Amino acid sequence: MESEAHFPTTSSDPDTPRAATRAINRTLHLLLSDDSDSQIQAAKEIRRLTKTSQRCRRQLSPAVSPLVSMLRLDSADSNEAALLALLNLAVKDEKNKVNIVASGALEPIIGFLQSQNSNMQEYATAALLTLSASTINKPTISAAGAIPLLVEILRYGSPQARVDAVLALYNLSTYSDNISIILEKKPIPSIVDLLKTCKKSSKTAEKCSALIESLVGFEDGRTALTSEEGGVLAVVEVLENGSLQSREHAVGALLTMCQSDRCKYREPILREGVIPGLLELTVQGTPKSQSKAQTLLRLLRDSPHPRSELQADTLENIVSNLISQIDSEEQSRKAKKMLAEMVQVSMEQSLRHLQQRAVV
């Protein structure tokens with residue numbers, strides 16, 4: 001996951017490869033001059049040339065080192081022009097991502113996270129989002145101290161910066177050593193707050209859910225989620241209304257919690273009306289979601305132990321047992337409707353399977 005530059009830009013690429021090559025050579029010459037205005041002009045041109053052209057990103061890779069040097073100048077205009085140029089150079093270009101970090105860009109970029117200038121804070125967060133998409137960069141970014149500042153941005157930043165911060169934290173969380181570092185900074189209340197307000201089918205909701213799924217693998221994460229008002233409910237809402245991938249993360253998070261301590265987490269999960277969403281997932285989710293939903297339904301029933309042969313441990317019986325314990329009439333009605341639909345779909349799938357076998 002990386003940032004697509006969402007900041008105002010000028011016109012698009014030159015019309016022909018030859019014109020682009022001339023523009024690139026001219027721009028590199030300007031960038032290496034001693035005149036700060038020329039450097040700023042060159043950085044802006046690099047940003048323009050690399051907005052959509054992967055070829056230009058490759059050809060302009062020699063610009064990385066001088067642009068990183070501009071980040072260290074005591075000039076807000078130079079810092080901004082260089083940072084935006086580096087951001088576009090890094091998008092969808094693994095070599096440039098690695099080269100930018102290796103050239104020493106992290107120190108000034110992390111410094112901009114603490115800037116009083118909200119624009120620079122946004123640009124720096126977007127840059128870390130893009131750079132953290134590289135597997136090679138993940139441990140380096142963490143070691144440079146970015147995680148605590150990203151959590152602060154997630155708490156107090158602008159709306160766009162908060163979204164980019166949570167996406168960057170998700171990127172960093174895929175390097176396993178970083179998960180405990182993220183958890184130490186207590187990000188779950190802010191993740192839940194963002195999850196409550198974003199569209200449940202959005203990429204933001206997907207990455208929030210994925211990050212929560214990773215964090216609840218630790219007891220501190222599970223405690224933080226259940227302690228946060230509306231925390232479990234926010235995950236249940238994603239399970240009901242999210243994208244297929246988001247729903248997979250949401251059911252995975254709830255299953256991890258219930259498997260870790262069924263007695264402790266069963267009631268908080270049931271209380272938020274999870275049954276209808278789980279029933280729907282058993283027939284309409286991804287293969288992983290279906291399996292996880294069925295396992296979670298078994299864990300949520302009144303008794304975790306197998307039934308007698310007279311009461312077969314079928315999904316329908318498990319769900320019927322759960323429905324009988326639901327206090328809310330509306331939730332019970334929805335669950336019964338979903339159970340009927342689930343049984344109907346199951347029958348149709350079995351019939352199709354029999355028909356296919358008959359043809360064979």
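Quick caveat: nothing in here was measured; it's all calculated off a predicted structure. Throughout, numbering of the chain's residues begins at 1 and tracks the sequence. What's counted below: heavy atoms across the whole structure, side chains too, no hydrogens, waters or symmetry copies.
- Closest approach of S78 and M70 over heavy atoms only: O-CE, 3.7 Å.
- Using a cut-off of 4.0 Å between Lys/Arg side-chain N and Asp/Glu carboxylate O, D193 and R162 are scored as salt-bridged.
- Two residues are said to be in side-chain contact when any heavy atoms from C-beta on lie closer than 4.5 Å; I212 and V238 fail this criterion.
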request  = Take F112 and L71, measure what side chain to side chain contact (heavy atoms under 4.5 Å, CB included) needs, and give me the verdict at the end.
outcome  = CA-CA 10 Å; F112 297 143; L71 294 179; 4.0 Å; yes
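- Separating the CG atom in L297 from the CG atom in L281 is a distance of 9.0 Å, to the nearest 0.5 Å.
- Judged by distance alone, with hydrogens and angles left aside, the side-chain atoms of T226 form a donor-acceptor pair with the main-chain N or O of T223 at under 3.5 Å.
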ask   = Yes or no on side chain to side chain donor-acceptor pair (under 3.5 Å) for N178 and S142, after CA distance, side-chain angles and deciding distance?
value = CA-CA 7 Å; N178 286 339; S142 173; 2.8 Å; yes
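- Using a distance-only test at 3.5 Å, with no hydrogens or angles considered, no donor-acceptor pair links the side chain of S38 to the main chain of D34.
- Salt bridge status for E219 with K264: present, with a side-chain N to carboxylate O gap under 4.0 Å.
- Remark: the Q290 side chain and the T282 side chain contain no N/O donor-acceptor pair separated by less than 3.5 Å.
- Between T27 atom OG1 and E45 atom CD the span is 4.5 Å, to the nearest 0.5 Å.
- Judged by distance alone, the side chain of R266 and the main-chain N or O of R301 form a donor-acceptor pair under 3.5 Å.
- Looking at heavy atoms from C-beta onward, I46 lies out of side-chain contact with I24 at the 4.5 angstrom threshold.
- Of the N and O atoms on the side chains of R58 and Q54, not one donor lies less than 3.5 Å from an acceptor on the other residue.
- Residues D37 and Q41 bring no donor and acceptor atom of their side chains to less than 3.5 Å of each other.
- Here N88 contributes atom CG and D93 contributes atom CG; the two are 11.5 Å apart, rounded to the nearest 0.5 Å.
- A single hydrophobic cluster is not seen to contain both V235 and L233; linkage of ILVMFWY side chains at heavy-atom distances under 4.5 Å, directly or through other members, places them apart.
- Its side chain within the 4.5 Å cluster rule, V98 clusters with I136 among the Ile, Leu, Val, Met, Phe, Trp and Tyr residues.
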inquiry  = Could you walk me through whether S132 and N171 satisfy the side chain to side chain donor-acceptor pair (under 3.5 Å) test, starting with their C-alpha distance in whole Å, then the side-chain angles of each, then the deciding distance to 0.1 Å, before giving a yes or no?
reply    = CA-CA 6 Å; S132 64; N171 282 349; 3.1 Å; yes
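- Two residues are said to be in side-chain contact when any heavy atoms from C-beta on lie closer than 4.5 Å; L278 and L300 meet this criterion.
- Two residues are said to be in side-chain contact when any heavy atoms from C-beta on lie closer than 4.5 Å; Q59 and L49 fail this criterion.
- In this model, a donor atom of one side chain and an acceptor atom of the other lie less than 3.5 Å apart for E248 and T286.
- M120 and L154 fall within the same hydrophobic cluster, where Ile, Leu, Val, Met, Phe, Trp and Tyr residues are linked whenever their side-chain heavy atoms come under 4.5 Å apart, directly or through other members.
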task = Assess whether side chain to side chain contact (heavy atoms under 4.5 Å, CB included) is satisfied between L128 and L172, documenting all intermediate values.
result = CA-CA 10 Å; L128 285 177; L172 293 170; over 6 Å; no
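- The pair K288-E213 does not meet the salt-bridge criterion, since no charged nitrogen lies less than 4.0 angstrom from a carboxylate oxygen.
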message = Evaluate C263 against D261 for side chain to side chain contact (heavy atoms under 4.5 Å, CB included), listing each step before the verdict.
response = CA-CA 6 Å; C263 294; D261 190 335; 3.8 Å; yes
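- Annotation for K196: atom NZ counts as buried by contact number, over 12 foreign heavy atoms lying within 6.0 Å.
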query = Where do I188 and D220 land on the side chain to side chain contact (heavy atoms under 4.5 Å, CB included) test, with the steps shown first?
reply = CA-CA 10 Å; I188 284 183; D220 286 350; over 6 Å; no
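- In this structure, R57 contributes its side chain and L89 its backbone to no donor-acceptor pair below 3.5 Å.
- One finds the CD1 atom of I179 at 5.5 Å from the OG atom of S173 (value rounded to the nearest 0.5 Å).
- Under a cut-off of 6.0 angstrom, the local environment of CD in Q259 is crowded, with over 12 non-hydrogen atoms contributed by other residues, nucleotides or ligands.
- Closest approach of T125 to A165, counting heavy atoms only: CG2-N, 3.5 Å.
- One hydrophobic cluster, built from ILVMFWY side chains closer than 4.5 Å, cannot hold both I153 and Y170; they sit in different ones.
- By the rule that hydrophobic residues join a cluster once side-chain heavy atoms approach within less than 4.5 Å of another member, L30 and V68 end up as members of separate clusters.
- Contact annotation: the side chain of K186 approaches that of R155 to within less than 4.5 Å [non-hydrogen atoms, C-beta and beyond].
- In plain terms, the two heavy atoms of G273 and E240 that are nearest each other are O-OE2, 3.6 Å.
- For the pair S33 and Q39, the tightest heavy-atom approach, listed with the atom from each and the gap, is O-NE2, 2.8 Å.
- Remark: N241 engages K200 in a side chain to side chain contact (heavy atoms under 4.5 Å, CB included) (not counting sequence neighbours).
- The OG atom of S202 sits 8.0 Å away from the CG atom of L194 when rounded to the nearest 0.5 Å.
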ask   = Checking side chain to side chain donor-acceptor pair (under 3.5 Å) for the pair N117/Q121: CA distance, chi angles, key distance, verdict?
value = CA-CA 6 Å; N117 182 325; Q121 197 177 84; over 6 Å; no
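- Side-chain atoms of R247 never come within 3.5 Å of backbone atoms of G285 as a donor-acceptor pair (strictly under, hydrogens ignored).
- With sequence neighbours left out, K97 forms a salt bridge (Lys or Arg N to Asp or Glu O under 4.0 Å) with E2.
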query = Given E152 and K185, is the salt bridge (Lys or Arg N to Asp or Glu O under 4.0 Å) satisfied, shown in steps?
reply = CA-CA 9 Å; E152 283 296 295; K185 302 307 170 185; over 6 Å; no
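- Remark: the backbone N or O of K95 is not paired with any side-chain donor or acceptor of N99 at under 3.5 angstrom.
- Taking each heavy atom of L131 and I109 in turn, the nearest pair found is CD1-CD1, 4.0 Å.
- Between T204 and V163, the closest heavy-atom pair is OG1-CG1, 3.5 Å.
- Here the side chain of R222 pairs a donor or acceptor atom with the backbone of V216 at under 3.5 angstrom.
- Hydrophobic clustering (side-chain heavy atoms under 4.5 Å, transitive across Ile, Leu, Val, Met, Phe, Trp, Tyr) keeps Y175 apart from I147.
- A distance of 7.0 Å separates CG in L106 from CG in N137, rounded to the nearest 0.5 Å.
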